[in-house]
Amino acid sequence: MRRARKMHRVLAETYPEAGCELDFTSPFELLVATVLSAQTTDRRVNAVTPGLFATWPDPSAMASASRAELEQVLRPTGFFRAKTDSLLGLSAALVDRYDGQVPARLDELVTLPGVGRKTANVVLGNAFDVPGLTVDTHVARLVRRFEWVPPEIAKDPVKTEHAIAAIFPRRDWTMLSHRLIWHGRRRCHAKKPACGACPVARWCPAFGTGPTDPVEAAALVTTQGPA
DNA sequence: ATCCCGAGGG
DNA sequence: CCCTCTGGAT
């Protein structure tokens, strides 16, 4: 789809700094940080991970962590009981099934407790340089608005992932995900998208079909004059 | 109120 | 398909 690739090119120019915003120094750290990032800002995750990894630096250390201590550290990230279970479970699984190493394969990553397809693709794309398409809440929303895939497919994140994969070359998958996510966070918001400040509005079928963020619209008027 | 780069269970 | 798990920022 030419239109999709054109929009991606423009997003790439708009967000040259797009990338993973979680701090990590190893695949294990990225795996843990990504699990913790569910329904939480990356800033908050990055605030707890240094202390987390200072105390439990690897899977074997984390697998034998005290549940209460771990919960205490994870508390500010939200869902802390579920996240504690995930970290204890995935650390143990890494130790006894993968010799303490994080597998670089989607089918193996998703067998780890607390690791779904989205998390697995983030780890592949950013820790292993294996192209990974991340269909999270932002990507799903933008792909729907952009109409890059038919509505029937857009309902299912896995089908969406495969449909997008068919439009873009493998080498673009990881950065495409980052750029869509950045655009979703900065302009193409769920509730009031800043269509007036959108660099791909001219190719977007959803442009002008919904309410525009009044804050963004006002900012646009002051800097560029009214439309 | 609503949002934050979800996953697992029923 | 729905629901729940969770807390902090805006």
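Naming convention: chains lettered A, B, ... in sequence-line order (proteins, then strands); numbering from 1 in each chain.
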Whole-Å distance separating the [atom1] atom of [X] from the [atom2] atom of [N]:
X: A:Q72; N: C:dT6; atom1: CD; atom2: P; value: 14 Å
X: A:L176; N: B:dC5; atom1: CG; atom2: C1'; value: 14 Å
X: A:L90; N: B:dG6; atom1: CG; atom2: C1'; value: 14 Å
X: A:L87; N: C:dC5; atom1: CG; atom2: P; value: 19 Å
X: A:N46; N: B:dC4; atom1: CG; atom2: C1'; value: 14 Å
X: A:D42; N: B:dC3; atom1: CG; atom2: C1'; value: 14 Å
X: A:L180; N: B:dC5; atom1: CG; atom2: P; value: 14 Å

| said: Connecting only ILVMFWY residues whose side-chain heavy atoms lie within less than 4.5 Å of each other, what is the rest of A:I181's hydrophobic cluster? | reply: A:M1, A:M7, A:V10, A:L11, A:Y15, A:L133, A:V135, A:V139, A:L142, A:V143, A:F146, A:W148, A:V149, A:I153, A:I164, A:I167, A:F168, A:W173, A:L176, A:L180, A:W182, A:V200, A:W203

Interface polar pairs with nucleotides 7-10 of chain C, N/O, under 3.5 angstrom:
residue	atom	partner	partner atom	Å
C:dG7	OP1	A:R75	NH1	2.8
C:dG7	N2	A:Q39	O	3.4
C:dG8	O3'	A:R44	NH2	2.8

| field | Members of residues 135-148 of chain A that approach DNA chain B, where some heavy atom sits under 4.0 Å away | value | A:D136, A:T137, A:H138

Does any N or O in the side chain of [X] come within less than 3.5 Å of the main-chain N or O of [Y], such that one atom is a donor and the other an acceptor?
X: A:K83; Y: A:T77; result: yes
X: A:R187; Y: A:A197; result: yes
X: A:T174; Y: A:G132; result: yes
X: A:N46; Y: A:E21; result: yes
X: A:T40; Y: A:A38; result: yes
X: A:R141; Y: A:C188; result: yes

| query | How about A:L36 and A:V48: do any of their side-chain heavy atoms sit closer than 4.5 Å? | reply | yes

| field | Partners passing salt bridge (charged side-chain N to carboxylate O under 4.0 Å, His left out) against A:K159 (at least two apart in sequence or in another chain) | value | none

Roughly how many Å apart are [M] and [N], using the [atom1] atom of each and rounding to a whole number?
N: C:dT6; M: B:dT2; atom1: C1'; value: 15 Å
N: B:dA7; M: C:dG8; atom1: P; value: 23 Å
N: B:dC4; M: C:dC5; atom1: C1'; value: 15 Å

| Hey, are A:D136 and A:T134 close enough side-chain-wise for a donor-acceptor pair under 3.5 Å? | no

| request: Output every pair passing side chain to side chain donor-acceptor pair (under 3.5 Å) with a member in residues 90-101 of chain A, not counting sequence neighbours, ordered by first then second residue. | output: A:R97-A:T111

| said: Assigning hydrophobic clusters by single linkage (Ile, Leu, Val, Met, Phe, Trp, Tyr; side-chain heavy-atom cutoff under 4.5 Å), is A:V95 placed with A:L52? | reply: no

| task | May I ask you to say what A:G89 touches in the nucleic acid, namely base, sugar-phosphate or nothing, with a heavy-atom cut-off under 4.0 Å? | result | nothing

| task | Considering just the side-chain nitrogens and oxygens of A:R185, establish if one lies under 4.0 Å of OP1 or OP2 belonging to B:dC4. | result | no

Produce the list of close N/O pairs, under 3.5 Å, pairing protein atoms with atoms of nucleotides 7-9 of chain B; give distances to one decimal.
residue	atom	partner	partner atom	Å
B:dA7	OP1	A:G116	N	3.1
B:dA7	OP1	A:T119	N	3.0
B:dA7	OP1	A:T119	OG1	2.3
B:dG8	OP1	A:G114	N	2.8

